[in-house]
There are 2 protein chains.
Amino acid sequence: MNKEKNNFQIKFANNMGMLASRFSLNSTVGQLYGLLYMSPEPVSLNEMVKKLAISKGSASTNIRILESWGAVKKVWVDNSRKDYYEADPNTLDIIKQRVIEGLHRRLNETKSSIDMVNNSLEGKNRYSAQREQFYKKRLQKTRKMYEQVNDLLELFSKD
Amino acid sequence: MNKEKNNFQIKFANNMGMLASRFSLNSTVGQLYGLLYMSPEPVSLNEMVKKLAISKGSASTNIRILESWGAVKKVWVDNSRKDYYEADPNTLDIIKQRVIEGLHRRLNETKSSIDMVNNSLEGKNRYSAQREQFYKKRLQKTRKMYEQVNDLLELFSKD
DNA sequence: CATAGCGTTTAGTTCGTTCTAAACGATATA
DNA sequence: TATATCGTTTAGAACGAACTAAACGCTATG
């Protein structure tokens with residue numbers, strides 16, 4: 001048990017961890033970002049480890065994930081060879097960008113799936129005319145849905 | 001190996017399974033829905049089991065999940081005591097409703113978190129004025145973000 | 001040059017999810 | 001009433017994700 005558990009930063013960080021896991025993200029990533037977000041000064045890896053009661057390995061791995069997202073950045077602190085980090089406070093922008101990126105990637109994969117399935121139907125015909133008609137209709141509908149979602153995403157990607 | 005693996009329905013179903021797992025859903029649920037979506041006739045549990053090469057337990061559990069979502073429904077077939085199912089073809093509506101519901105639930109939980117953390121700061125003051133100011137600013141920012149997302153969701157929930 | 005203090009990498013463990021096989025209860029049929 | 005055929009439930013296995021502890025390599029400093 002950490003005697004600092006009542007510390008405001010830590011409380012906030014842990015809530016960010018819960019938030020992250022609710023959206024099926026890694027909760028440690030959420031904790032780390034939350035801690036940095038509520039720190040007026042840059043934080044070293046060892047401080048993160050102590051405050052969040054996590055292992056150094058986990059802190060190291062996950063802080064670099066956050067870094068790759070542009071959610072935190074390394075900062076120089078004089079007279080120290082430790083790595084210090086601070087949060088980019090524009091949380092919403094970060095989240096938004098990540099959500100959009102993720103959706104784009106998955107939608108592209110979806111498109112490939114649809115095309116592949118479609119091609120497999122176009123090949124030589126093993127089905128009755130009626131059955132083939134049904135397949136084509138549903139496939140067409142699937143394609144339409146894909147496009148609706150895609151258009152919606154485009155709309156988002158703007159502004 | 002299933003000799004029917006080249007069957008169009010099955011190919012489609014498996015792709016729906018992949019799609020589902022891409023969006024961190026249960027992939028069997030995706031397969032089942034995909035199969036029913038591409039079936040002109042209702043499908044029995046045993047047919048699902050055979051065509052998708054899954055266990056009866058899994059089929060039973062997952063088909064009832066789909067049923068609870070309103071994505072498939074039981075239909076009566078004369079002279080049979082099997083349960084037959086067919087898909088509600090309005091896939092997009094189903095997805096949309098589930099997404100909105102899920103977001104609503106999680107946002108409410110988020111709101112509770114923010115309030116809780118906020119209250120813990122409002123309590124007796126253990127921080128310097130400057131530090132407290134910083135905390136309050138960031139907390140305020142967090143609240144604003146919550147509201148932006150919430151408003152966006154409301155907008156969606158309409159139309 | 002040895003040591004201490006870093007962050008990273010790795011090997012192994014834990015935990016949650018979801019599957020399967022099998023037991024089960026219910027119902028229709030011979 | 002005995003049996004066969006359903007769907008459901010349960011116990012256990014498999015798997016993946018993510019953590020920890022420890023080993024490691026690097027660098028600065030005494």
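Side chains included, hydrogens not; waters and symmetry mates left out as well; all remaining heavy atoms used. Proteins get letters first, then strands, A, B, ... in listed order; numbering begins at 1 in each.
Mapped onto DNA chain D by nearest heavy atom, R81(A) and S58(B) fall at different nucleotides, with S58(B) at the one closer to the 5' end. Both Y85(B) and N62(A) lie close to DNA chain D; mapped to their nearest nucleotides by heavy-atom distance, the more 5′-ward contact belongs to Y85(B).
Counted by atom type alone, S112(B) and E109(B) present zero donor-acceptor pairs between their side chains at under 3.5 Å. No side-chain donor from either of Y85(B) and S44(B) sits under 3.5 Å from a side-chain acceptor of the other.
Distance R64(A) CZ to dG7(C) P: 11 Å, rounded to the nearest Å. Atoms CD1 (I63(A)) and P (dT9(C)) sit 15 Å apart, rounded to a whole Å. One interatomic measurement links the two molecules: NZ of K50(A) to P of dG5(C), which rounds to 13 Å at whole-angstrom precision. Put simply, CE on M48(A) is 15 Å from P on dC19(D), counting in whole angstrom units. Following rounding to the nearest Å, L66(A) (CG) and dA18(D) (P) show an atom-to-atom distance of 13 Å. Rounded to whole angstrom, the span from the CD1 atom of I54(B) across to the P atom of dA22(C) amounts to 17 Å. Rounded to a whole Å, the NZ atom of K56(A) is 11 Å from the P atom of dG5(C). The CD-P distance, from Q31(B) to dT18(C), rounds to 13 Å in whole Å.
Applying the 4.0 Å criterion to OP1 and OP2 of dG7(D), one finds that S60(B) has every side-chain N and O outside that range. Contact check, N46(B) against dT5(D): no side-chain N or O comes under 4.0 Å of OP1 or OP2.
Nearest to the side chain of D83(B), among dG7(D), dC19(D), dT20(C), sits dG7(D). Closest approach to the L45(A) side chain among dT8(D), dT8(C), dC19(C) is made by dT8(C) (side chain taken as heavy atoms from C-beta onward).
Nearest approach of K96(B) to F156(B), heavy atoms of both residues: CE-O, 4.3 Å.
Atoms CG and CG, on N150(B) and L107(B) in that order, are 5.5 Å from each other to the nearest 0.5 Å.
For dG7(D), the base has no donor-acceptor partner in the side chain of K82(B) [N/O atoms by modelled type, under 3.5 angstrom].
Judged by distance alone, the side chain of R143(A) and the main-chain N or O of L139(A) form no donor-acceptor pair under 3.5 Å.
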